[in-house]
Amino acid sequence: MDTARTFVSTGHTPSNHSLMSIRIGILLLIILLPVNIAWANTYKPGEILVKYRAGGKNAARAFYKQYWKAATVQQFKRNDIDRVKLPKNMTVTDALALYRQDPDVESAEPNYYRRAALIPNDPFLGEQWALHNTGQFVFDRTGSNDADMDALQAWNVSTGSTGVTVAVIDSGVNYDHPDLQANMLAGFDLLSNDADPMDQDGHGTFIAGIIAAAGNNGTGVAGVAWQVKILPLRFLNVHGGGFDSDLIDAIERADNAGADIVNCSFGGPGNNSLLETAMANSPALFVCSAGNDNADNDAVPVYPAGFDLPNIIAVAATDQDDAKTSFSNYGFASVDVGAPGKNILSTFTTRADHYNYDFDDNDLDGNNWVRNTNNGNWRTTNETSVSGAFSLTDSDGADYVDNADHYARSPAIDLSTETGALLQFKIRGISATGDLLYVEASVDDINWTNLVVNLFDNNPNPAYSKFTSGVSGDLDSGWYTATVDLGTYDGQGTVYFRFRFTSNADGDTAKGWFIDDVVVETNDSATYAYWDGTSFAAPMVAGIAALIKSEYPSLNSSQIKAAIENSVDPVPGLTNLVASGGRVNANGALRQAGTLSTSGGGGGGGGGGCFIDATGQACAPPQVQTGFAFFVQLSLLFSAVLLLWLVYARIKA
């Protein structure tokens, strides 16, 4: 296949001779250059993320769609990034080799998978030692006096401002939690593509409470910045994973909403330059967890914490004695600060089964399931099952037939008093291209809505696929776990869901689908819990950043980062393990931010700034080096002359 095309980014159309040279050159590059893209990381098969150069992007999109059947399925307009679906015979490795040789492609990356950085434990109420540590007994141990962030002292300066927004890009947030309601903004769910980011896992709710649980309200706990606003953006599924495409989407939504700080309590090994671009282009400060593998991030980076950007601060976890926790990653070059991340108490929501059916009584009708017949019929079968002897199938004992369109519908479910509804079931099977299994929902048994199906294999770390327009393909190697968000039906007195199978008339049929252990899970009670992880150290720092932004709104993200890094309490447990050598201090960070605000400068903010030196004394801002400035000016003048000469040569040609 001819892989070349006219590259319009040069501003002219090549002659036939030069075009042939381009074709041959690119083809030789693709064939002859060694391609060593054998990632140990996991990314989504069948698609990549691409950023085209401005002058050639339209022609490039058209070319790849026409000649390679690679189509743009989503555009992230703020960062000019495309999510590209590949043809089924093209691997991600092959696609990257192709795109990266194209002069009109600025960057091409896999759609890496990220995972939440957490170490969960059992819920338990207690004290918030991270804010004020007197050596009290918390959860399972006593701590050391003053091994904390001096939050009580910081609150004498600021408890946060309603004009500051912290985006929690995570598993969503239980915005109905009584300790969070007052500080919630309307967010978005990137998994279900709707405006209901209800947390169905607990991770995001826990993080939101650390940052901004309402304070001085006589209920539960207090957040670090207990008057700022939380913007919930759900991109992590109930197994704690999500893709970079949804993450980039969430970042752009946070930017559009004017978020000042973004909490990123997740990570993965994939170094995605397009994700880095999205973060670099954001005015927000990103606070990122370092990871929970007790590993050196300098040697094996974790991203996004590992991106070397002035608006990212990477956080390790410390314990009640100011030591690095046994699980926390570290890195003298790549991890900036430590923060409390063990035995942390915050807002949580327990979950409970609201409806379940395992088909083992072999009596669909007696359990108020309704079926229709149209070239097929759903029924129970003992061919295969997860638990017990029976499961549900669309084609018992034989392949399904062409032109099928039939369903099995659940009984009515009452969600009038429920929140966070989630349908889960086990699935296996196979269907030919164009033959689709839909999961649909309705409130009247007449008008049905197709829902997004998320699938995980038996080891969801991190094999994960998202089906937006029906499930198809070969999933018959074992039982998969499927989740379907029913959150938009929270509060409805009557809700139905159904499994609907359709096949086309192409003569290509297959075994069909099996479903078992159907459960509708909902939120049970708003409560509080302990949890460990760098996931929960990061929001401690995000809360401090929010306090700074509340008190000194003119400071930018790099200045806020500098204030936090240059005000840590040095602790032996972090020496040579994080760049600052210390654990964050909220009160010190506010004082440092005040110094930066008064001086009008700051670390990376354009004014030089005045930091606190190792002795605790303020240092004078650095002086401008006149000789260097003259050299820069001379270089710029030379570049301008060279550019004018190139333009003149192009016109003459």
> Is there side-chain contact between Val471 and Leu455, with heavy atoms separated by less than 4.5 Å?
Replying inline: yes
> Once you round to the nearest 0.5 Å, how far does CG of Asp246 lie from CG of Leu236?
Replying inline: 9.5 Å
>> Keeping Asn454 on the side-chain end and Phe456 on the backbone end, is there a donor-acceptor pair under 3.5 Å?
In response: no
> Shortest non-hydrogen contact from Ile48 to Val92?
Replying inline: CG2-CG1, 3.9 Å
> In terms of the angle between their ring planes, are Phe536 and His203 parallel, tilted or perpendicular, with boundaries placed at 30° and 60°?
Replying inline: tilted
> Under 3.5 Å, side chain of Asp94 to main-chain N/O of Met90, donor-acceptor pair present?
Replying inline: no
> Could you go step by step and tell me if Ile251 and Leu275 meet the side-chain contact (heavy atoms from CB on, under 4.5 Å) rule?
Replying inline: CA-CA 9 Å; Ile251 290 170; Leu275 173 60; 3.8 Å; yes
> Can Val578 and Val337 be said to form a side-chain contact (heavy atoms from CB on, under 4.5 Å), step by step?
Replying inline: CA-CA 6 Å; Val578 301; Val337 296; 5.6 Å; no
>> Using the rule given for side-chain contact (heavy atoms from CB on, under 4.5 Å), can you reason through Gln75 versus Ile81, listing the C-alpha separation, both sets of side-chain angles and the distance that settles it, and then say yes or no?
In response: CA-CA 6 Å; Gln75 292 184 25; Ile81 295 170; over 6 Å; no
> Would a distance-only check, ignoring hydrogens and angles, find a side-chain to backbone donor-acceptor pair under 3.5 Å from Lys44 to Pro110?
Replying inline: no
> Is the backbone N or O of Glu565 less than 3.5 Å from a side-chain atom of Ser580, with the two atoms forming a donor-acceptor pair by type?
Replying inline: no
>> Nearest 0.5 angstrom please: Leu191 CG to Gln200 CD, how far?
In response: 8.5 Å
>> Within the 3.5 Å criterion, strictly below it, is a donor on Asp102 or Tyr64 matched to an acceptor on the partner's side chain?
In response: yes
> Taking all atoms of both residues into account, what is the closest heavy-atom pair of Val439 and Asn450, and its distance?
Replying inline: O-OD1, 3.7 Å
>> Side chains of Asn111 and Ser245: any donor to acceptor distance under 3.5 Å?
In response: yes
> How far apart are the closest heavy atoms of Thr534 and Gly291, and which atoms are they?
Replying inline: OG1-N, 3.1 Å
>> Rounded to the nearest 0.5 Å, what separates atom CG in Asp80 from atom CG in Asn281?
In response: 10.0 Å
> If you look at every heavy atom in Ala317 and Phe327, which pair is closest and at what distance?
Replying inline: CB-CE1, 3.9 Å
> Ignoring hydrogens and geometry, is there a side-chain-to-backbone donor-acceptor pair from Thr165 to Asp260 under 3.5 Å?
Replying inline: no
>> Can you give me the closest heavy-atom contact between Ala257 and Leu231, atom names plus distance?
In response: CB-CD2, 3.7 Å
>> Taking Leu274's backbone N and O only, do any of them form a donor-acceptor pair with Asn79's side chain (distance below 3.5 Å, no angle check)?
In response: no
> How long is the gap from CD on Glu109 to CG on Leu96, to the nearest 0.5 Å?
Replying inline: 7.0 Å
> Would one find more than 12 heavy atoms of other residues, nucleotides or ligands at under 6.0 Å from atom CG of Asn256?
Replying inline: yes
> Taking the six-membered ring where the residue is Trp, are the ring centres of Tyr303 and Tyr112 under 6.0 Å apart?
Replying inline: no
> Rounded to the nearest 0.5 Å, what separation is found between the OG1 atom of Thr483 and the CG atom of Leu451?
Replying inline: 11.0 Å
> Are Ser282 and Asp255 linked by a side-chain donor-acceptor pair shorter than 3.5 Å?
Replying inline: yes
> Hey, is the main chain of Pro232 close enough, under 3.5 Å, to the side chain of Asp170 for a donor-acceptor pair?
Replying inline: no
>> Test salt bridge (Lys or Arg N to Asp or Glu O under 4.0 Å) on Arg234 and Asp485; report intermediate values, then the result.
In response: CA-CA 12 Å; Arg234 181 173 180 247; Asp485 190 351; 3.4 Å; yes
>> Checking the side chain of Asn311 only, and the main-chain atoms of Met279 only, is there a donor and an acceptor separated by less than 3.5 Å?
In response: yes
> Charged N to carboxylate O under 4.0 angstrom, Asp244 versus Arg114?
Replying inline: yes
> So, does Asp82 use its side chain to make a donor-acceptor pair with the main chain of Val50 at under 3.5 Å?
Replying inline: no
> Can you name the nearest heavy-atom pair linking Val335 to Ala314, along with the distance?
Replying inline: CG1-O, 3.7 Å
>> Determine whether Leu309 and Phe286 satisfy the following criterion, side-chain contact (heavy atoms from CB on, under 4.5 Å), listing intermediate values before the conclusion.
In response: CA-CA 9 Å; Leu309 294 175; Phe286 291 85; over 6 Å; no
>> Once you measure the plane-to-plane angle for Phe266 and Phe235, does it fall in the parallel (<30°), tilted (30-60°) or perpendicular (>60°) bin?
In response: perpendicular
> Between Ile560 and Leu555, is any pair of side-chain heavy atoms under 4.5 Å apart?
Replying inline: yes
>> Distance check, rounded to the nearest 0.5 Å: Leu475 atom CG versus Ser465 atom OG?
In response: 7.5 Å
>> Exactly one of Asn329, Asp298, Asn297, Asp308 should register a side chain to side chain donor-acceptor pair (under 3.5 Å) with Ser334. Which one does?
In response: Asp298
> Between Arg83 and Asp249, is the closest basic N to carboxylate O distance under 4.0 Å?
Replying inline: no
> Counting N and O atoms only, with roles assigned by atom type, does the side chain of Ser503 sit under 3.5 Å from a partner on the main chain of Asp435, one being a donor and the other an acceptor?
Replying inline: no
> Just wondering, are more than 12 heavy atoms of other shown residues or ligands nearer than 6.0 Å to NZ in Lys466?
Replying inline: yes
